[in-house]
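Values in this document were obtained by computation on a predicted structure and should not be read as measured data. Any value given below was found using the heavy atoms of this structure, including those in side chains, with hydrogens, waters and symmetry copies removed.
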Amino acid sequence: MAGATAPCTRSVTRAPGASEEITALAERLGAPVVATANGKGTFSEHHRLSIGAGLHHKAVADFVADCDVVLAIGTELASTDLWNGPLKFPGDLIRIDVDPAQMITNALPDHRLVGDARATVEALNQRLGKGSLSEEAVKRAERWQKLFRKHARTQGAAWLPLVEAMREVLSPGAIVAGDSAMACYYGTLSNLPLEGPASFLYPTGFGTLGYGLPAAIGAQLGAPNRQVVALHGDGGAMFTLPELATAAQERLALPVIICDNGGYGEIRREMVERSEPVHGVNLPGGDFALVAKGLNCHGVTVDDEGRFAAALRKAFAADRPTVIHVVGDLAGA
């Protein structure tokens with residue numbers, strides 16, 4: 001399967017049902033694992049072989065270039081995950097995908113395994129037999145993990161206080177339903193470790209604004225015993241804000257975090273980088289806590305890490321949804 005010096009595997013988008021099988025395979029091969037946004041949590045980010053989640057970091061491109069074999073499970077290897085251009089595979093690329101057409105999209109593999117991720121990985125495990133995880137493999141994963149985390153923390157620096165507060169409050173098995181917001185793809189994706197498949201719900205590929213709140217409502221109804229959080233920017237929240245009424249009607253103890261950076265921050269940033277006039281991206285500001293109360297929810301505005309953590313804890317124990325309107329530096333503004 002993998003070469004003797006630098007095996008690697010990646011658990012990704014379409015493999016949420018294969019968590020145990022992928023973990024067993026990674027340990028058998030001594031293979032470090034990187035996850036895409038939609039694969040986040042499929043392989044525990046607390047596992048010693050986990051590098052992290054997010055393929056767009058330079059550390060991931062360097063890591064793949066260091067591998068003699070890459071096993072890509074259920075991933076499109078698309079630009080929506082690879083923001084800085086396609087990965088280069090100096091060694092063999094093996095792809096597992098249930099869709100034969102997808103097998104040759106974006107990267108031609110040296111070996112193709114068409115089939116369900118869980119069944120295919122389980123068959124590989126049976127063929128490979130038992131193995132043991134070596135300390136050499138763990139040390140190699142740790143080296144790449146340090147580089148990955150350095151890049152992730154640099155890119156997400158503005159949102160690290162928010163992420164650290166979430167990490168303090170969230171229980172194992174928590175679900176984060178993220179909108180296409182800077183606090184999500186720069187902040188939580190690569191800096192907030194999560195446990196379990198489908199623990200990070202995110203509209204990869206579509207850039208859909210407003211996704212987070214409806215996704216969180218569905219997740220909370222489907223998994224009533226798990227903590228669920230919706231994470232939005234102020235611009236994206238405007239697309240589906242009335243769904244707060246639905247969450248209130250269902251009496252969901254759902255925290256809805258809205259990071260207010262005064263508009264569509266990503267588009268504004270790109271305009272500035274291109275030396276274009278900044279237009280149509282700044283919002284005049286609104287009182288999201290007041291809007292929440294008008295829709296029969298709780299609402300609070302916070303501007304520091306301590307108050308945010310306290311509000312998040314209180315929201316999980318509430319009798320209805322709570323909008324936590326995050327402003328100032330804590331919002332990445």
Item to check | Main-chain N/O of Met103 paired to Asp97 side chain as donor or acceptor, under 3.5 Å | outcome: no

Checklist entry - Is there a chain of hydrophobic side chains (I, L, V, M, F, W, Y, each step under 4.5 Å between heavy atoms) that links Leu147 to Leu55? => result yes

Checklist entry - Linking Ile, Leu, Val, Met, Phe, Trp and Tyr through side-chain heavy atoms less than 4.5 Å apart, which residues share a cluster with Leu244? => result Ile175, Leu201, Tyr211, Leu213, Ile217, Leu221, Val228, Met238, Leu241, Leu252, Leu254, Val256, Ile258, Phe288, Val291, Leu295, Val323

Checklist entry - Under a 4.5 Å side-chain heavy-atom rule over Ile, Leu, Val, Met, Phe, Trp and Tyr, are Leu29 and Leu124 clustered together? => result yes

Item to check | Main-chain N/O of His56 paired with Asn84 side-chain donor or acceptor, under 3.5 Å | outcome: yes

Next on the checklist: Strictly distance-based, threshold 3.5 Å: is any side-chain N or O of Asp179 a donor or acceptor partner for the main-chain N or O of His232?
Outcome noted: no

Item to check | Partner set under ring pair (Phe, Tyr, Trp, His ring centres under 6.0 Å) for His151, not counting sequence neighbours | outcome: none

Checklist entry - Who passes salt bridge (charged side-chain N to carboxylate O under 4.0 Å, His left out) against Lys314, sequence neighbours left out? => result none

Next on the checklist: Strictly distance-based, threshold 3.5 Å: is any side-chain N or O of Ser19 a donor or acceptor partner for the main-chain N or O of Thr42?
Outcome noted: yes

Next on the checklist: Test side-chain hydrogen bond (donor to acceptor under 3.5 Å, both in side chains) on Ser44 and Glu195; report intermediate values, then the result.
Outcome noted: CA-CA 5 Å; Ser44 171; Glu195 291 285 341; 2.8 Å; yes

Item to check | Verify same cluster id: Phe200, Trp83 (apolar side-chain graph, 4.5 Å) | outcome: yes

Checklist entry - Between Ser79 and Leu82, is there a donor-acceptor pair closer than 3.5 Å when you use the side chain of the first and the backbone of the second? => result no

Checklist entry - Testing Leu162, Val300, Asp303 for side-chain contact (heavy atoms from CB on, under 4.5 Å) with Phe308, which one passes? => result Leu162

Checklist entry - Any side-chain heavy-atom pair from Asp68 and Asp92 closer than 4.5 angstrom? => result no

Next on the checklist: Run Thr188 and Met166 through side chain to side chain contact (heavy atoms under 4.5 Å, CB included) and show every step you take.
Outcome noted: CA-CA 9 Å; Thr188 57; Met166 291 178 66; 4.2 Å; yes

Checklist entry - Nearest 0.5 Å, what's the CG-OG1 distance between Asp99 and Thr105? => result 7.5 Å

Checklist entry - How about Lys40 and Asn38: do any of their side-chain heavy atoms sit closer than 4.5 Å? => result no

Next on the checklist: With salt bridge (Lys or Arg N to Asp or Glu O under 4.0 Å) as the rule and sequence neighbours excluded, what pairs involving residues 228-257 come up?
Outcome noted: Arg251-Asp319

Checklist entry - Would the number of heavy atoms belonging to other residues, nucleotides or ligands and lying under 6.0 Å from CZ of Arg127 be above 12? => result no

Item to check | Atom pair CD (Glu276) and CD1 (Ile267), whose distance is rounded to the nearest 0.5 Å | outcome: 11.0 Å

Next on the checklist: Set out, in order, the CA-CA distance, both residues' side-chain angles and the distance that settles side chain to side chain contact (heavy atoms under 4.5 Å, CB included) for Leu25 and Leu71, then state yes or no.
Outcome noted: CA-CA 11 Å; Leu25 181 62; Leu71 175 59; 3.5 Å; yes

Next on the checklist: Considering only residues two or more places apart or on different chains, which pairs with a residue in residues 151-160 satisfy salt bridge (Lys or Arg N to Asp or Glu O under 4.0 Å)?
Outcome noted: Arg153-Glu164

Item to check | Residue pair Ser50, Val33: steps toward the side chain to side chain contact (heavy atoms under 4.5 Å, CB included) verdict | outcome: CA-CA 5 Å; Ser50 174; Val33 179; 5.5 Å; no

Item to check | CG/Asp329: more than 12 non-hydrogen atoms of other groups inside 6.0 Å | outcome: no

Item to check | Pairs meeting criterion side-chain hydrogen bond (donor to acceptor under 3.5 Å, both in side chains) with involvement of residues 256-269, two or more places apart | outcome: Tyr185-Glu266, Tyr186-Glu266, Tyr186-Arg269, Asp260-His325, Glu266-Arg269, Arg268-Asn282, Arg269-Glu273

Checklist entry - Taking only residues two or more places apart in sequence or in another chain, which ones pass ring pair (Phe, Tyr, Trp, His ring centres under 6.0 Å) with His47? => result Phe43

Checklist entry - Does the pair Arg320 and Asn296 meet the rule for a side-chain hydrogen bond (donor to acceptor under 3.5 Å, both in side chains), with working shown? => result CA-CA 8 Å; Arg320 66 192 75 178; Asn296 201 28; 3.0 Å; yes

Next on the checklist: List the residues meeting salt bridge (charged side-chain N to carboxylate O under 4.0 Å, His left out) with Arg48, not counting sequence neighbours, and say none if there are none.
Outcome noted: Glu135

Checklist entry - Which residue pairs pass the side-chain hydrogen bond (donor to acceptor under 3.5 Å, both in side chains) test when at least one of the two sits in residues 108-120, sequence neighbours left out? => result Glu21-Arg118

Next on the checklist: Is there a salt bridge (charged side-chain N to carboxylate O under 4.0 Å, His left out) between Arg140 and Asp66? Walk through the geometry before answering.
Outcome noted: CA-CA 11 Å; Arg140 178 168 179 259; Asp66 186 60; 3.2 Å; yes

Next on the checklist: I'd like to check the salt bridge (charged side-chain N to carboxylate O under 4.0 Å, His left out) partners of Arg143; sequence neighbours left out, ordered by chain and number.
Outcome noted: none

Checklist entry - What do you reckon, is NE2 of His46 surrounded by more than 12 foreign heavy atoms closer than 6.0 Å? => result yes

Checklist entry - Does the side chain of Val302 reach to within under 4.5 Å of the side chain of Val327, using non-hydrogen atoms? => result no

Next on the checklist: Quick check on the hydrophobic clustering: are Leu113 and Leu128 connected, directly or via other members, by side-chain heavy-atom contacts under 4.5 Å?
Outcome noted: yes

Item to check | Sequence-distant partners of Ala152, side chain to side chain contact (heavy atoms under 4.5 Å, CB included), two or more places apart | outcome: His57, Phe148, Ser190, Asn191

Checklist entry - Does Gln220 use its side chain to pair, donor to acceptor, with the backbone of Val229 at less than 3.5 Å? => result no

Checklist entry - Would a distance-only check, ignoring hydrogens and angles, find a side-chain to backbone donor-acceptor pair under 3.5 Å from Trp159 to Ala331? => result yes

Checklist entry - So if you build clusters from Ile, Leu, Val, Met, Phe, Trp, Tyr with side-chain heavy-atom gaps below 4.5 Å, do Ile51 and Leu194 land together? => result no

Item to check | Any donor-acceptor N/O pair, Ser199 side chain to Gly196 backbone, under 3.5 Å | outcome: yes

Next on the checklist: Taking salt bridge (charged side-chain N to carboxylate O under 4.0 Å, His left out) as the definition, give me every residue that meets it alongside Glu20, ordered by chain and number, with sequence neighbours left out.
Outcome noted: none

Checklist entry - How many angstroms lie between CZ in Phe316 and OG in Ser171, if you round to the nearest 0.5 Å? => result 7.5 Å

